[in-house]
Amino acid sequence: MGPEQQPVVTGGRRRRLGWVWAGVGAVVASAVGFTLIVQSAGQREQVLVLARDVPAGRVIGLADLRAVAVAADAGVVPVADRNSVLGRRAKVPLVAGSLLAPGQVGKDAAFPPKGMSQVAIAVEEGGAPPELSPGERVAVLPGPAGAGAATGAEEETSSPVAGTVTGVRAPESAGGPRVVTVLVETGAARRAARMEHPRVVVLPAEGREAP
């Protein structure tokens, strides 16, 4: 999927996906940036922080960045090097409040990673936590209307789909669905998009099993 191509929102016939998670932990770290940690000790310096979310492929401008004084390790962009990132494209989705690293910008987007795809899911009211945000590990499951008994081959597609949230779009009208974009393994993307009445559940930080 190129930087200008948006995930397709699809309603979905009744199918459910196999569990996918291998290697996503490493992808999350590169996809959502570094968490902003202000340390209590050490010499602080002015570094660049994302002022707002920047999708992969978008050119970075002044309004996307702000400065903050932190005791940061190497691997972040100092304010003095601001010109080295302005006008370049975000290689991965960048999250507001995260420190900017040099490897997160370049000439072209490098997202989704090889073997991964983004799928946009229309989640009905009550089908996801209200505070859901990019960077969270989630499991996508079928809702009650799509969770009937399954036998034989259907059981293989009845497990949740694990992924990482890369975007959340508010409903276009009152009571309408939110569009949640999730990074999943490419082999699971089509089946995730077909899930009936999907719901999104945030997974524990250490756990790897869906509820």
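Owing to the predicted nature of the structure, the values given are computational and were not obtained by experimental measurement.
Annotation for Ala101 and Val77: closest pair C-CG2, 3.9 Å, computed over non-hydrogen atoms. Counting all heavy atoms, side chain and backbone alike, Ala90 lies closest to Val54 at CB-CG1, 3.9 Å. Scanning all heavy atoms of the two residues, the minimum distance from Ala67 to Gln46 falls at CB-OE1, 3.4 Å. Shortest non-hydrogen contact noted between Pro160 and Ala139 is CB-CB, 4.2 Å. Residues Arg199 and Pro142 approach most closely at NE-O, 3.5 Å, considering heavy atoms.
In this structure, Arg89 contributes its side chain and Gly57 its backbone to a donor-acceptor pair below 3.5 Å.
Within the 4.5 Å cutoff, no side-chain heavy atoms of Phe111 are placed close to those of Met116. In this structure the side chain of Val202 reaches within 4.5 angstrom of the side chain of Leu132, judged on heavy atoms. Side-chain contact check for Pro112 versus Gln118: some heavy-atom pair is nearer than 4.5 Å. Counting heavy atoms from C-beta on, the side chains of Val140 and Pro198 come closer than 4.5 Å. Side-chain contact between Leu141 and Val200 is absent, with no heavy-atom pair separated by less than 4.5 Å. Using a 4.5 Å cut-off on side-chain heavy atoms (C-beta onward), Val119 and Thr181 make no contact. Considering only heavy atoms from C-beta on, Met195 comes within 4.5 Å of Val161 through its side chain. Side-chain contact between Val49 and Leu100: absent, with no pair of heavy atoms (C-beta onward) separated by less than 4.5 Å.
Remark: Leu86 CG to Leu65 CG distance equals 6.0 Å, nearest 0.5 Å. Annotation: the span from Leu50 atom CG to Leu94 atom CG amounts to 4.5 Å, rounded to 0.5 Å. Taken from CZ in Arg52 to CZ in Arg66, the straight-line distance is 13.0 Å, to the nearest 0.5 Å. With rounding to the nearest 0.5 angstrom, the OG1 atom of Thr164 is 9.0 Å from the CG atom of Leu203.
Remark: Glu125 engages no residue in a side-chain hydrogen bond (donor to acceptor under 3.5 Å, both in side chains) (not counting sequence neighbours). For Thr186, the side-chain hydrogen bond (donor to acceptor under 3.5 Å, both in side chains) test picks out Ser117, with sequence neighbours left out. Annotation: side-chain contact (heavy atoms from CB on, under 4.5 Å) contacts of Asp108 (sequence neighbours excluded): none. Take Arg88 and apply the salt bridge (Lys or Arg N to Asp or Glu O under 4.0 Å) test, not counting sequence neighbours, and it matches no residue. Evaluation of the side-chain hydrogen bond (donor to acceptor under 3.5 Å, both in side chains) rule for Asp53 yields no partner, not counting sequence neighbours. With sequence neighbours left out, Glu124 forms a side-chain contact (heavy atoms from CB on, under 4.5 Å) with His197. Considering only residues two or more places apart in sequence or on other chains, Arg82 meets the side-chain hydrogen bond (donor to acceptor under 3.5 Å, both in side chains) condition with none of them.
When each of Val79, Asp81, Val68 is tested with Val47 by the rule side chain to side chain contact (heavy atoms under 4.5 Å, CB included), just one qualifies, namely Val68.
Note on Val59: it does not cluster hydrophobically with Leu62, by side-chain heavy-atom contacts below 4.5 Å among ILVMFWY residues.
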List the steps, then state whether side chain to side chain contact (heavy atoms under 4.5 Å, CB included) holds for Leu48 with Val76.
CA-CA 8 Å; Leu48 293 178; Val76 295; over 6 Å; no

What side-chain donor-acceptor pairs closer than 3.5 Å can you find for residues 172-180, not counting sequence neighbours?
residue	atom	partner	partner atom	Å
Arg178	NH1	Pro129	O	3.2
Arg178	NH2	Ala128	O	2.9
Arg178	NH2	Pro129	O	3.0

